[in-house]
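In what follows, chains are A, B, ... by sequence order, proteins preceding strands, each numbered from 1.
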Amino acid sequence: MSMNAASSSNNTVISVTNLAKSFGAAKAVQDVSFEVHAGEIFGLLGPNGAGKTTTIRMILDIFKPDRGTISVLGGPMREDKKARIGYLPEERGLYKDLTVEQCVTYLAELKGVARADIKTRAARFFEQFDLTEHRRKKVNELSKGMQQKVQIISTLIHKPALVIIDEPFSGLDPVNTRLVQDLLLEQRAQGTTIVMSTHLMYQVEEMCDRLVLIDHGKTVLYGGVDEIRRSHADRAVRVVAKGELPAIPGVIETSRKGNERTLALPHGMESQHVLEQLVAAGVPIEQFELALPTMDDIFVKVVAGGK
Amino acid sequence: MRKTLIVMRHEFVTLITKPSFWIALIGLPVFMAVIMGITIVSSTAATASAIAARQNRSDQQGYVDHSGIIRALPEGANLRAFPDEATARAALEAGEISGYFVVASNYIESGAVQYVSREFNPMDSPTDGFEQTLNYNLLGGDAALLSALNTPVAVRRAVATAPADAKGGANGAPFPIMPMVVSVMFSVVLITAAGYLMQSVTTEKENRVIEVLMSSLTPTQMLAGKVLGLGLIGLAQMALWLLSGLAALRFIPAGASLGVVDGGTIVVALVFFVLGYFIYASLMAGLGALMPGTREAGQYTFFIILPLFIPLYFNTAISLEPDGPLAVVLSLIPFSAPVAMVMRMTVTDVPAWQIILALVLLAVAVVVVITLAARVFRAQSLLRGTKPSLREVALALK
């Protein structure tokens, strides 16, 4: 799936075209193309070893690609752009011997934030993340979840225009997962572009606007989340209704959980026709919708199908 | 440049706020002072007791004179003549004498004298009295001339080298201790400063903070900041130890030779130190970048710092023959020059051309080593979590 670079617009924050990178004989990335638009949460998905991290490292200019072009924040990566990008890698790390404050300060300074600003911004984040009383503790005295929060603060403290975040929810309990989720949505509302790599498909459904799925170093799925789910929808509807449903010729009930049923439609039959039949039969319908596959289903189907 | 300075300050502040750093900084000179104190006290005591023992000994020393030089004994000489070595040995074994000298028949040409004793005591100096006897006879039995001969120091040195096979340490000029002090101090500071640098790299790898850093600055900025920050600490450490060392020298008994240490020597020594630091720091940074952690890197540290120990190993040779071929070669080879040249400079006037040549060679080596280290200090090495194969090391150096 290649993409024409001409389709890039001012709205594009990242544009990756036919990217390839090998390490010796191992082809980490073979042909990856996608665009990330301003102000969206973009899912960078793929099974382990698919080439996601290598792609991210090439976007950040940590690795040079063997082939392909990358445009970040309106052009090739430059030194000064690093201050406008926040990166939380999959392999989390902080200075274990430093205090939370020292650690956040150093990483923020390297992103070009003035010391005075760091102090006020850090104080606000510590408050928001319940870390105020822990700010003078050494990082290795903190729980894994707390360390994770310190890392997220370090990723956002310089107010980046683009955030690239690998597995943002790993190691977090449900309360903190919600906290981080809200924080990312808040960042998006403020206009920040977010690239998120995650294995939690329900988070993708909930948060991402668009996504790319990479497998074996190649783009295998790319587009808007809803659009992808629709394009992978089997011909089926989901109906929630009390009582029994009338038999509709050609329609088969494939599953039932209480009052919720999934009905498979024969080829050529529109969902509208099923709804009309049910209304005509006087069924008290509570919910009626196209049965979209979950991102989980699509992920498994596409990745397993590629093997 | 700004990021390099931030890294530099971070490395500097992080290290000096560590208690372990202060323990090493203060502990090592204290430890060395204690060791030196013990050595000085015990050697002074040993010398005193050896002298006392000799004075108290009623037994004589013997001599076998094949040259026929000794015709009379000076006043106070407790010596017994033997016609041949067999009888002298028999007297030694019988305990009649504590040892005997054998003057070679060609003594005038060769100056060869052998001393045979029952046991070897490095602190004992049995040859002084016999030298006086030889001189007395060479001077035709004139006691006044002998006393005049003993007065100028330079002449005495020439005589001290005469008994080539004579054993015992304190027969010549006092042994210079400054080269030893300098070489230990230089090696320790270079090794610790370069070691801190390696640890700083491997800790960032182990803490996995390196990838975040790489998204903020280039490996070169990171390397430069670390080298400068920890180099400053090395210099400060050097200055502190130098000052405390100079203060300690006041307590060393007169008679121990301190060698030549003037302002010019210190300035040139610092230049050698700084260049030496760049070499060893770059090597250690490269090692740190290649290895996945402190433990793995530590296994190879020895091979990198080995050249620093070579001058230390040849300390005696360099101290006694600072202008000999070994000393000159070691002070020109860039890896040993920072220590060897400074050792020489404390005991001899090193010709200017040798200092300049050593500095030029060192500067060239610095450029080469930094270039290689910067090649290794790249994302792919820094982000690798496993020990590299030889092929991967070769690739990294390309």
Quiz item: Do other residues, nucleotides or ligands put more than 12 heavy atoms under 6.0 Å from the CZ atom of A/R188?
Solution: yes
Quiz item: Do B/T14 and A/Y106 come within less than 4.5 Å of each other through their side chains, counting heavy atoms only?
Solution: no
Practice problem: Drop me the distance from B/E206's CD to A/K96's NZ, to the nearest 0.5 angstrom. | Solution: 10.0 Å
Quiz item: For atom NZ of A/K138, is the number of surrounding heavy atoms from other residues, nucleotides or ligands below 6.0 Å larger than 12?
Solution: no
Exercise. Could you tell me which portion of B/T17 (side chain, backbone, both or neither) has an atom closer than 4.5 angstrom to a non-hydrogen atom of chain A?
Key: neither
Self-check item: Heavy-atom contact with chain A under 4.5 Å, split by part of B/I210
Solution: neither
Exercise. Let me know if B/V7 has heavy atoms under 4.5 Å from chain A in its side chain, its backbone, both or neither.
Key: both
Quiz item: Any side-chain heavy atom of B/E211 sitting closer than 4.5 Å to one from A/E90?
Solution: no
Self-check item: Heavy-atom side-chain proximity of A/K111 to B/V212 below 4.5 angstrom
Solution: no
Quiz prompt | Greater than 12 external heavy atoms within 6.0 Å of A/Q190's CD | solution = yes
Quiz prompt | Residue B/E204 versus chain A: region with a heavy atom under 4.5 Å | solution = side chain
Exercise. Look up atom OG1 in A/T105 and atom CD1 in B/I6, then write down how far apart they are to the nearest 0.5 Å.
Key: 11.5 Å
Practice problem: With rounding to the nearest 0.5 Å, note down the distance linking CE in B/M214 to NZ in A/K82. | Solution: 8.5 Å
Quiz item: Which bit of A/T54 comes within less than 4.5 Å of chain B, counting heavy atoms only: side chain, backbone, both or neither?
Solution: neither
Quiz prompt | Most chain B-contacting option - heavy-atom pairs closer than 4.5 Å, from A/H158, A/R115, A/Q151 | solution = A/R115
Practice problem: Supply the atom-to-atom distance A/E79 CD to B/K3 NZ, rounded to the nearest 0.5 angstrom. | Solution: 4.0 Å
Practice problem: Counting only heavy atoms closer than 4.5 Å, note whether A/L98 contacts chain B via side chain, backbone, both or neither. | Solution: side chain
Exercise. Quick one: closest heavy-atom pair of B/N207 and A/Y95, and the distance?
Key: ND2-CA, 3.7 Å
Quiz item: A/D97 versus chain B, heavy atoms under 4.5 Å apart: side chain, backbone, both or neither?
Solution: side chain
Quiz item: At what distance, to the nearest 0.5 angstrom, does CD1 of A/I85 lie from OG of B/S215?
Solution: 8.0 Å
